[in-house]
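Each remark here refers to the structure printed beneath this line.
Lettering follows sequence order; numbering is per chain, from 1.
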There are 2 protein chains.
Amino acid sequence: LIETLRLCKQYRMGTQVLPALRDVTVRVERGEFVAVMGPSGSGKSTFMNLLGGLDQPTSGGYLLDGADVGRLSGLDLARIRNQKIGFVFQSFNLLARTTALDNVALPLVYSRVPRRERRARAERALESVGLSDRKHHLPTQLSGGQQQRVAIARALVNHPLLILADEPTGALDSRTGEEIMALFERLNGEGNTIVLVTHEPDIAAHADRMLRFLDGRLVSDARVERA
Amino acid sequence: LIETLRLCKQYRMGTQVLPALRDVTVRVERGEFVAVMGPSGSGKSTFMNLLGGLDQPTSGGYLLDGADVGRLSGLDLARIRNQKIGFVFQSFNLLARTTALDNVALPLVYSRVPRRERRARAERALESVGLSDRKHHLPTQLSGGQQQRVAIARALVNHPLLILADEPTGALDSRTGEEIMALFERLNGEGNTIVLVTHEPDIAAHADRMLRFLDGRLVSDARVERA
Ligand SMILES: Nc1ncnc2c1ncn2[C@@H]1O[C@H](COP(=O)(O)OP(=O)(O)OP(=O)(O)O)[C@@H](O)[C@H]1O
Ligand SMILES: Nc1ncnc2c1ncn2[C@@H]1O[C@H](COP(=O)(O)OP(=O)(O)OP(=O)(O)O)[C@@H](O)[C@H]1O
Ligand SMILES: [Mg+2]
Ligand SMILES: [Mg+2]
């Protein structure tokens, strides 16, 4: 499903160049459950943003489902992102003036799903993360962990083939985190591909493969025994 | 240092009332290191916001260093907050258009510290969290964990007597998290009082006392053996 070839990302700070990602070559097959770990600043979110077509690499190649992401038009890329990929961002990226329900329904608006169906699917997604009773709340009226769960529901509402989750349990207590992981395992069991950044070993143990980053490089790629 | 008596916080949602905190009575002495745990939505951040005078209780009493916080004027309360309390917010609350250095120096601006001293102290605080080489970066140019460390540096720059840290290691990898905890232990060893929300047992193990919340109530208050 995912194939990268010597993917690099550099940020330019005035005259300085900051290499966030260096020559990352990796394949992720459909149905895999991949955990991504590494120290703060090691390139995990940068990697995720490139996988999701949310940013462009400085150099290197990237095939997503056979399509060369670098050569897709903005519209084609946006369509793939919206229909095939679910994102859970490290900082949630919820719309502040929008209710939980409408935040979750947002991907469906882009997909032109009819209003009634949008509502029903968004409600189901909120129910799957235990927030049925909070659908009309704004993000400011929710705890940190509740906001994170809204972000997770939004990532799942379009039934994406590929889920990119950047620290999806960072703001959650252990029990809620394990409930979310059970949800992700179920989705993986249904054939969805999951790439998940975490720095919690208990969370990573749910995956069947572990990528480790250090200073922008992929330093380790190992199968793991699933917990 | 902290004394609360039946502290309650209710949020009103139209005709609904949501009790975020219910009858919390607790004392925290100077020099204690207190961990606060509990499920998502159990009232931890609400409690922290009330302790820091950032929000008002619906009912109940609160003495901070002998002063009745509910009776302080806005100016007196702001002064106490700025000079005595360091905050690490769950969502960091960094100013987006401001460099790391200037974010860290902000409390010193309010304290009217001279510019040269502000800069020196902010640089030291950034050094203590391992971000000396990033002082001119904006929050958008920093990883999630790096932003969190800027927030921690800002909390410490005024040498506060009381540190209120709401999940200060949530976005950090384990090693960086333990480095931050070593820093907090050092500060506690110097007499500073620390109240820290976390859902990571390894982090909580650094404290000498544990408060547990559930559905807005303080359900457990226990001494722990420090790790
Ligand atoms: N501004 C607000 N308006 C309405 N309800 C709120 C508001 N802030 C918090 N709440 C609600 O109050 C309850 C307690 O929230 P709080 O943020 O204290 O929880 P928490 O223990 O910090 O959770 P988490 O671990 O998810 O951060 C939650 O149900 C939350 O939705
Ligand atoms: N927009 C940007 N401009 C400049 N530098 C950036 C930008 N985004 C990220 N960086 C830098 O690139 C490096 C990698 O960042 P990235 O966010 O990928 O790290 P991460 O592994 O996700 O870290 P964390 O665990 O703290 O979230 C870091 O040094 C970061 O400061
Ligand atoms: Mg990151
Ligand atoms: Mg909270």
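Residues S132(A) and E123(A) bring no donor and acceptor atom of their side chains to less than 3.5 Å of each other.
In terms of non-hydrogen atom pairs under 4.5 Å with chain B, the most contact-rich of E167(A), R175(A), H137(A) is H137(A). Of the listed residues (S45(A), S174(A), A171(A)), the greatest number of heavy-atom pairs within a distance under 4.5 Å of chain B belongs to A171(A).
How far CG of D221(A) is from CG of L211(A): 5.0 Å, rounded to the nearest 0.5 Å. For the atom pair CZ (R154(B)) and CZ (F87(B)), the distance works out to 10.0 Å, reported to the nearest 0.5 Å.
Contact annotation for Q148(A): neither backbone nor side-chain heavy atoms come within less than 4.5 Å of a heavy atom of chain B. Residue contact with chain A, scored on non-hydrogen atoms closer than 4.5 Å, is absent for L142(B). Heavy atoms closer than 4.5 Å to chain A are found in both the backbone and the side chain of Q146(B). Heavy atoms closer than 4.5 Å to chain B are found in the backbone of T169(A), but not in its side chain. Using a 4.5 Å cut-off between heavy atoms, S40(B) touches chain A through backbone and side chain atoms alike.
Ionic pairing of E32(B) and R223(B) is present here: one or more N-O contacts between side-chain nitrogen and carboxylate oxygen are shorter than 4.0 angstrom. Taking a cutoff of 4.0 Å between a charged side-chain nitrogen and a carboxylate oxygen, D55(B) and K9(B) qualify as a salt bridge. Taking 4.0 Å as the cut-off between side-chain N and carboxylate O, K44(B) and D166(B) do not count as a salt-bridged pair.
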